[in-house]
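Below: the structure, in structure tokens.
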Amino acid sequence: MSVVARERNLVAVGRAEDIPPLEGRTVTVAGRRVAVFNTEHGFRATAAFCPHRGGPLADGLVGGQSVICPLHNWRIDLDCGEVVAGGSGRVPVYPVLERDGWLYLDLGG
Amino acid sequence: MSGGAGPPGLLIVGGGIAGQSLAERARALRPQLPITILAAERRAPYDRVRLSALLAEGGDPERLRLRPDSWYEDHRVELRTGVSVAAIDRAGRAVATADGERLPYAALALATGSTALVPPIPGIDKQGVHVFRTPEDCEEILAAGRGAGRACVLGGGLLGLEAARGLVAQGVPVTVVHLMDRLMERQLDGPSAAMLARRMAELEVEVLLARDTREVVGNGRVTGLRFADGDELECDLLVVSVGIRPNVELARRAGLECERGIVVDDRLRTSDPAIWAVGECAQHRAVVYGLVAPIHEQARAAAAAIAGSACEPYAGSVPSAALKVMGVDLVAVGDAQAEGGCTVSDPGRGIYRRLVVRDGRAVGAILMGDAAGAESLQALVAAGGEVADALSALADAGRADVRDLPDEATVCSCHAVTRGAIVAAIRERGLRAPSEVHACTRAGTGCGGCRPLVARLVEAEVGDGAAEPAYLCPCRRLTREQVLAVARERGLRSASELAAACGVGRDCGACKPAVAYLVSLASHNRHEEERHARFINDRVHANIQRDGSFSVVPRIYGGVTSPAELRRIADVAEKYDVPMVKITGGQRIDLLGVRKDQLPSIWADLGMPSGFAYSKAIRTVKTCVGTEFCRFGVGDAIGLGIAMEKAWEGLHTPHKVKSAVSGCPRNCAEASVKDIGVIAVEGGWEVLVGGAAGSSVRRGDLLARAATDEEAIRVASTFLQYYRENAEYLERTYTFVERVGIEAIRAVVLDEASGEPAALRERLAIARAAVRDPWQEAVDSDEGGPFADLDESSGPALVGPPAGGARS
Ligand code: SRM
Ligand SMILES: Cc1cc2nc3c(=O)[nH]c(=O)nc-3n(C[C@H](O)[C@H](O)[C@H](O)COP(=O)(O)OP(=O)(O)OC[C@H]3O[C@@H](n4cnc5c(N)ncnc54)[C@H](O)[C@@H]3O)c2cc1C
Ligand code: SF4
Ligand code: FES
């Protein structure tokens, strides 16, 4: 398994229009639960669950480039997955590509 | 795709903290150097230190990750997990993986770490015996703990105690069995160890000292321990934590000089000049460190040597160990066993502070119960500082202001972050909150022990930031009054319009629910409802639970229901297999554990209005039976309660508003501790406001006496609107009434001659008229969006890769 210079592994996950601006939705891809967000800066995707106690991130409050977990208000940066307030830790982030109204997730090699 | 393409570069064997730290530091020095990490574990480098927290709190091991996938991509570090190196061909400058792949290197760094030491006690291989080293161990221990009657931890060192405390947190009775006659004998002296043992006992960890375990008994599965003195102790889970064994086999087979660890010089070079070793596998000046801070120092020196840049040689580290057990402050620095120095101790308060001085120089310290000044003592010991008067040095350290800390004092040992680095980050990047410092410098993101100090550093730098007004939006420094003024003056009707107008809620979403409330208030509920601005509960009209499922609480006015209603609730509970049906403390019924996608059909089947149990809104009006049935009743509590609930239902409020009506001063509906409470007395009602019996308990203040039901509702409604218009968002009435004062509230709310009470009631009525039941609305609109997963709304994603190839 390697990370650098590997082939992109793009998987279609749904219609862009099904995620209204500043909201998130959960999706299951290749057995993984992923949260996809429609932020002011474009679509972002992270693992679905908060690193604190597994709160559903797609149900959080989106603003700027972060989401606030609905359970205990940890704030997570959607660009890098880092917890920036409330606690510490990280969630995996996945690149999202929007093409012809469809959203594709890059799940890595 | 495997590595190997391109010129050979730095090959790191081992993806632990050491391997990762080396990769980061080497990358910083040499932007073009090809760097590859070969990691035997099937997961990306993670923070082993926080396994203790994982054991105590549970959670996803993914949260321990040191860096997200994108980091490796961005920094062009090739990470190959699940790849184990089997042999080193020193002459050919290449390694062979267990799968037989051959990978060349220009420089090789061994960061193979260590394995938990398992003593050769008969029976130690039985089922139910675990070590504590990896997330997998952690999972197994947690799983085994669930059914365990008693767990034993073998070893009373730092790790053993943390493991024991973690198990206690899971509700498992735990005994720590230690061979030596005191806990943490390598870090503590007799008195501090005894104090620690007492503290652990208070935390429900039983400690057995001086027990030589001779056998693990049980038939295939552990059922107990047998000691040298013949005593036995029953347990069905055994966690072994007696030390570490550096992983040196690979190096030894390759002919590198090894003793306990792989022998390295002051540049972390092994006996082969092209091979380095860092971390728990390395032995430097006869010492193998089992702590993180030395690893970062080693990695820094090794990276410099590999990159060929100048750097101080590594001269060894002063170990500093902190026990990560909640409720125990304990830091041991350097050599704390030697004679000399001085001790300040207050056993009654569990405080023991000792500075060890040898030949006039500080060599160690123990701080128990009060770890103030640990960083400055650590810096003093690391510098081998001269100490003329140990007692005052110790006292000074305890009082030390963070401003007195030297720049090179280590604040975060886990990530080797100095005070200087933190202060620079605060100043240069304009950080204002400890959490921002955690995020930017990583200080505080390891064991978390340094967080209080980080907070004090921020405080010292940011100064009177704490005295700022309460901002509704701290990012843009906007108060409630400012935001409300913008909304009113410009007639804005949505959170987005307000965001566009003044930036509120643009940088982070935290304040959006408050903004959503203010637009609804300013427009008397003629606002445009925007789901994204509402907390999830208000988007799906149900209360989110700890596992992400939801609860459904239908409105039951005044707590009065009917057989038909109960039957419908029962039918719904059965039809949807609702995990729990509960009578709430608010006199109604809760259906708990419902899936998000089930919500709309449950509401449709219930055919009852929402109880708003999920929202900052009018909640319950509890009642007692009152004159209708009770022999003491002097007022119709049920009638008035239901009338109040119908008058106010569906209104959003700054925080939740709970009410109650009692039919006599016996107060069976507990109206004296409600936001709005009404109690029948001879000749009418008493209306109380600002009561509480939640996290704080407060008796409501008497707002007014009312002769009739109508008058009681009128006074209560006037107060309600006054609270709606004037309280800070998330300010309950019990703080609001106390802050504003009941006299000031009365002056407005009761002064009918001024016309203001009537105006308040009129605004309340206008807002109430616009209320629609959110459940009914969701059922009518048949909108699946917010209740469904993305793949459900979009249908099966029957599309291939995007046209135009795989770019992003
Ligand atoms: C269901 C219920 C417990 C029960 O099983 O009886 C309950 C459940 C919750 N309460 Fe409560 N409270 C319930 C009655 C109470 C009461 C008693 C009452 O209402 O008469 C109180 C004390 C009265 C008070 O509020 O002053 C009460 C004081 C709290 C508090 C502390 C408020 C405070 O500031 O003191 C919170 C936390 C908060 O609001 O921030 C809270 C928060 C919660 C939350 C909403 C926590 C949350 O945010 O997820 C719980 C939701 C559980 C769930 O998932 O459904 N709950 N809670 C009760 C629902 C009543 C209802 O029918 O609507
Ligand atoms: C529960 C717990 C709590 C702790 N708490 C603290 C604390 O509070 N403070 C503190 O300072 N320290 C603490 N420590 C110690 C700290 O975690 C270790 O010192 C540190 O993680 C060691 O890092 P390392 O990279 O040297 O070794 P490791 O973490 O052991 O990493 C070595 C990696 O190399 C891999 N590897 C080995 N051989 C090969 C091979 N041939 N090919 C490929 N890969 C290989 C291994 O699989 C492993 O992933 C704690 C440790 C534990 C277990
Ligand atoms: S007291 Fe209330 S908030 Fe606390 S656990 Fe019980 S229901 Fe939840
Ligand atoms: S689960 Fe996300 S903050 Fe607690």
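The figures that follow rest on heavy atoms only: side chains count, while hydrogens, waters and symmetry mates do not. A, B, ... follow the sequence lines: proteins, then strands. Residue 1 opens every chain.
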*B:R534/B:E529 under salt bridge (Lys or Arg N to Asp or Glu O under 4.0 Å): CA gap, chis, key distance, verdict*: CA-CA 9 Å; B:R534 296 282 191 184; B:E529 188 63 44; 2.5 Å; yes
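- Using a 4.5 Å cut-off between heavy atoms, A:R75 touches chain B through its side chain atoms alone.
- Considering CZ of B:F550 and CD1 of B:I536, their distance stands at 4.5 Å, rounded to 0.5 Å.
- Proximity to chain A is absent for every atom of B:R42, based on heavy atoms less than 4.5 angstrom apart.
- Comparing B:L64, B:D547, B:V540, B:L66 by heavy-atom pairs within less than 4.5 Å of chain A, the highest count is held by B:L66.
- Taking the six-membered ring where the residue is Trp, A:H72 and A:H52 present perpendicular rings, their angle passing 60° and hence far from 30°.
- For the options B:R539, B:E62, B:R65, heavy-atom pairs under 4.5 Å to chain A are most numerous at B:R539.
- Between chain A and the residues B:R63, B:R67, B:R546, the largest count of heavy-atom pairs under 4.5 Å involves B:R63.
- With a threshold of 4.5 angstrom between heavy atoms, A:A58 approaches chain B through N, CA, C or O but not through any side-chain atom.
- Taking A:V91, A:V29, A:D79, A:T28 one by one and counting their heavy-atom pairs under 4.5 Å with chain B, the maximum is reached by A:T28.
- For the pair B:L730/B:P513, no side-chain contact is recorded, criterion being any heavy-atom separation below 4.5 Å from C-beta on.
- Between chain B and the options A:E17, A:E23, A:E98, the largest number of non-hydrogen pairs under 4.5 Å is found for A:E23.
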*Step by step, work out the side-chain hydrogen bond (donor to acceptor under 3.5 Å, both in side chains) result for B:S549 and B:R595.*
CA-CA 5 Å; B:S549 67; B:R595 288 198 324 267; over 6 Å; no
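- The candidate from B:K512, B:K596, B:R442, B:H532 with the greatest count of non-hydrogen atom pairs under 4.5 Å with chain A is B:H532.
- Of the two parts of A:L22, the backbone and the side chain both hold a non-hydrogen atom closer than 4.5 Å to a non-hydrogen atom of chain B.
- Closest approach of A:F37 to A:V67, counting heavy atoms only: CE2-CG2, 3.7 Å.
- At a 4.5 Å heavy-atom cutoff, B:A44 makes no contact with chain A through either its backbone or its side chain.
- Under the 4.5 Å side-chain criterion, counting only non-hydrogen atoms from C-beta, A:L71 is in contact with A:P56.
- For B:D507, the part lying under 4.5 angstrom from a heavy atom of chain A is the backbone only.
- A side-chain donor from one of A:Q65 and A:D77 sits under 3.5 Å from a side-chain acceptor of the other.
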